[in-house]
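The next block holds one structure in the form of structure tokens; read it before the comments.
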Amino acid sequence: MGQIRVEKNVGGIEGLCVIEPAVHGDERGYFIETYNQKDMEEQGLDMVFVQDNQSSSSKGVLRGLHFQKKYPQGKLVRVINGTVFDVAVDIRAGSKTFGQWYGVELSAENHKQFYVPKGFAHGYFVLSEWAEFCYKCSDFYHPGDDGGIDWNDPEIGIQWPQIQGEYPGSGSIKGYSMIDGTPLNINERDQNWGTLDQFRNSADANINF
């Protein structure tokens, strides 16, 4: 019997999956299988992973929206400490849902995993005081192959929870904060990627994901 429940094509976007593993718990704690290739294959998910990554971030940190150009990665993401809001944006040329997004809250408590295939820009926002984020990748990271789109592009219209502020005309965090006053923490690169429309009209939009 499989140890996972998979919701496929979440948000009506083909390929995106939310995965919930079975949690076996008692008064001592719990046990879960965080990855089982056989269970994935039984659910029709045949991706192969070659690299595992882990990062830690404090409240208010937003990372994204990222993709790789020549070496796109599928990612299976989860949180082992804290809570994040994780987002994928469809950037596949010719996709009927191009530019649409889906977000899911991932936490150490809900144990949910989010599978983001190749052809999506990906990012996440830390809601807890601290969060540790883990993800499996279907290709290796290649320095210099990074691409990105502004986290706050109004054409995409991501509804980041607990963020307030008005769009300043760019990916700048100027004028934004969390509702409780926590400042946003986004590195300079992620404030200067450019809009979805700029991506649409660039050579990167023709990448064969």
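Just the heavy atoms: all of them, side chains too, but no hydrogens, waters or symmetry mates, feed the values below.
- Between Val89 and Ile149, every side-chain heavy-atom pair lies at or beyond the 4.5 Å cut-off.
- Residues Arg92 and Ile13 are in side-chain contact: their nearest non-hydrogen atoms beyond the backbone lie under 4.5 Å apart.
- A side-chain donor from one of Thr182 and Asp180 sits under 3.5 Å from a side-chain acceptor of the other.
- Annotation: Tyr176 is in aromatic contact with Trp151 [ring centroid separation under 6.0 Å].
- Taking 4.5 Å as the limit, every side-chain heavy atom of Tyr135 sits out of range of all side-chain heavy atoms of Val116.
- Of all the heavy atoms in Ser95 and Asp90, the pair that sits closest is OG-OD2, 2.5 Å.
- Looking only at side-chain heavy atoms (C-beta outward), Glu33 and Pro21 stay at 4.5 Å or farther from each other.
- Note on Ile91 and Trp193: separate hydrophobic clusters, where clusters join Ile, Leu, Val, Met, Phe, Trp and Tyr whose side-chain heavy atoms are under 4.5 Å apart, directly or indirectly.
- Side-chain N or O atoms of Asp145 include one that pairs as donor or acceptor with a backbone N or O of Lys70 at under 3.5 Å.
- Not one N or O on the side chain of Ser107 forms a donor-acceptor pair closer than 3.5 Å with the backbone of Thr83.
- One finds the CZ atom of Arg63 at 11.5 Å from the NE2 atom of His122 (value rounded to the nearest 0.5 Å).
- Residue-environment remark: NZ (Lys174) stays at or below the threshold of 12 foreign heavy atoms within 6.0 Å.
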Open item on the list: Using side-chain contact (heavy atoms from CB on, under 4.5 Å), reason through Leu45 and Ile19 one step at a time and then give a plain yes or no.
Closed with: CA-CA 11 Å; Leu45 302 175; Ile19 299 166; 4.2 Å; yes
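- Remark: Gln159 CD is loosely packed, at most 12 non-hydrogen atoms of other residues, nucleotides or ligands lying under 6.0 Å away.
- Proximity of a side-chain donor or acceptor of Asn201 to a complementary backbone N or O of Asp197 within less than 3.5 Å is detected.
- Using a 4.5 Å heavy-atom cutoff, the side chains of Tyr102 and Val18 are in contact.
- Shortest non-hydrogen contact noted between Pro117 and Leu16 is CD-CD2, 3.7 Å.
- Minimum interatomic distance between Pro168 and Asn152 (heavy atoms only, all atoms of both residues): CD-ND2, 3.8 Å.
- By the neighbour-count criterion of 12 heavy atoms within 6.0 Å, atom CD of Gln164 is densely surrounded, having more than that number from other residues, nucleotides or ligands.
- Scanning both residues, Asn53 and Gln51, for their nearest heavy atoms gives OD1-NE2, 2.9 Å.
- A single hydrophobic cluster is not seen to contain both Leu76 and Ile80; linkage of ILVMFWY side chains at heavy-atom distances under 4.5 Å, directly or through other members, places them apart.
- At least one side-chain heavy atom of Thr34 sits less than 4.5 Å from a side-chain heavy atom of Gln113.
- No continuous path of hydrophobic side-chain contacts links Val10 to Tyr115 [ILVMFWY only; heavy atoms under 4.5 Å].
- Linking ILVMFWY side-chain heavy atoms closer than 4.5 Å, directly or via other members, places Ile186 and Ile158 in a single hydrophobic cluster.
- Residues Tyr35 and Val104 fall into different hydrophobic clusters, defined by Ile, Leu, Val, Met, Phe, Trp and Tyr side chains chained together at heavy-atom separations under 4.5 Å.
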TODO: For the pair Phe125 and Met178, evaluate side-chain contact (heavy atoms from CB on, under 4.5 Å) and give the outcome as yes or no after the intermediate values.
DONE: CA-CA 11 Å; Phe125 177 55; Met178 295 186 70; 3.7 Å; yes
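- Of the residues Ile163, Leu127, Val126, the one that meets the side chain to side chain contact (heavy atoms under 4.5 Å, CB included) test with Phe85 is Leu127.
- Using a 4.5 Å heavy-atom threshold, the side chains of Gln73 and Tyr141 count as touching.
- Considering His66, Gln68, Lys69, Arg189 in turn, Arg189 is the only one that fulfils the side-chain hydrogen bond (donor to acceptor under 3.5 Å, both in side chains) rule with Asp146.
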TODO: Evaluate the side-chain contact (heavy atoms from CB on, under 4.5 Å) criterion for residues Val87 and Trp160: first the C-alpha distance (whole Å), next the side-chain angles of each, then the deciding distance (0.1 Å), finally the verdict.
DONE: CA-CA 9 Å; Val87 172; Trp160 298 100; 3.7 Å; yes
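- A distance of 6.0 Å separates CZ in Phe114 from CG in Asp86, rounded to the nearest 0.5 Å.
- Annotation: the span from Asp150 atom CG to Ser170 atom OG amounts to 6.5 Å, rounded to 0.5 Å.
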- [ ] Quick one: do Gln191 and Ile173 satisfy side-chain contact (heavy atoms from CB on, under 4.5 Å)? Show the steps, please.
- [x] CA-CA 7 Å; Gln191 296 184 57; Ile173 60 173; 3.6 Å; yes
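- In this structure, Glu41 CD and Met47 CE are separated by 10.0 Å, a value rounded to the nearest 0.5 Å.
- Taking 4.5 Å as the limit, some side-chain heavy atom of His111 sits within range of a side-chain heavy atom of Tyr30.
- Side-chain contact check for Ser55 and Tyr124: at least one donor-acceptor pair (N or O, by modelled atom type) lies under 3.5 Å.
- Of the charged side-chain nitrogens involved, at least one lies within less than 4.0 Å of a carboxylate oxygen, so that Arg200 and Glu155 count as a salt-bridged pair.
- Listed here is the closest heavy atom pair of Tyr167 and Pro154: CZ-CD, 3.4 Å.
- One N or O on the side chain of Asn9 and one on the backbone of Gly15 form a donor-acceptor pair closer than 3.5 Å.
- Remark: the backbone N or O of Met40 is not paired with any side-chain donor or acceptor of Gln43 at under 3.5 angstrom.
- To the nearest 0.5 angstrom, Lys118 atom NZ is 12.0 Å from Tyr71 atom OH.
- With rounding to the nearest 0.5 Å, the separation of CG in Asp153 from CH2 in Trp101 is 13.0 Å.
- A donor-acceptor pair is defined here as one N or O able to donate and one able to accept, closer than 3.5 Å; such a pair exists between the side chain of Ser138 and the backbone of Gly74.
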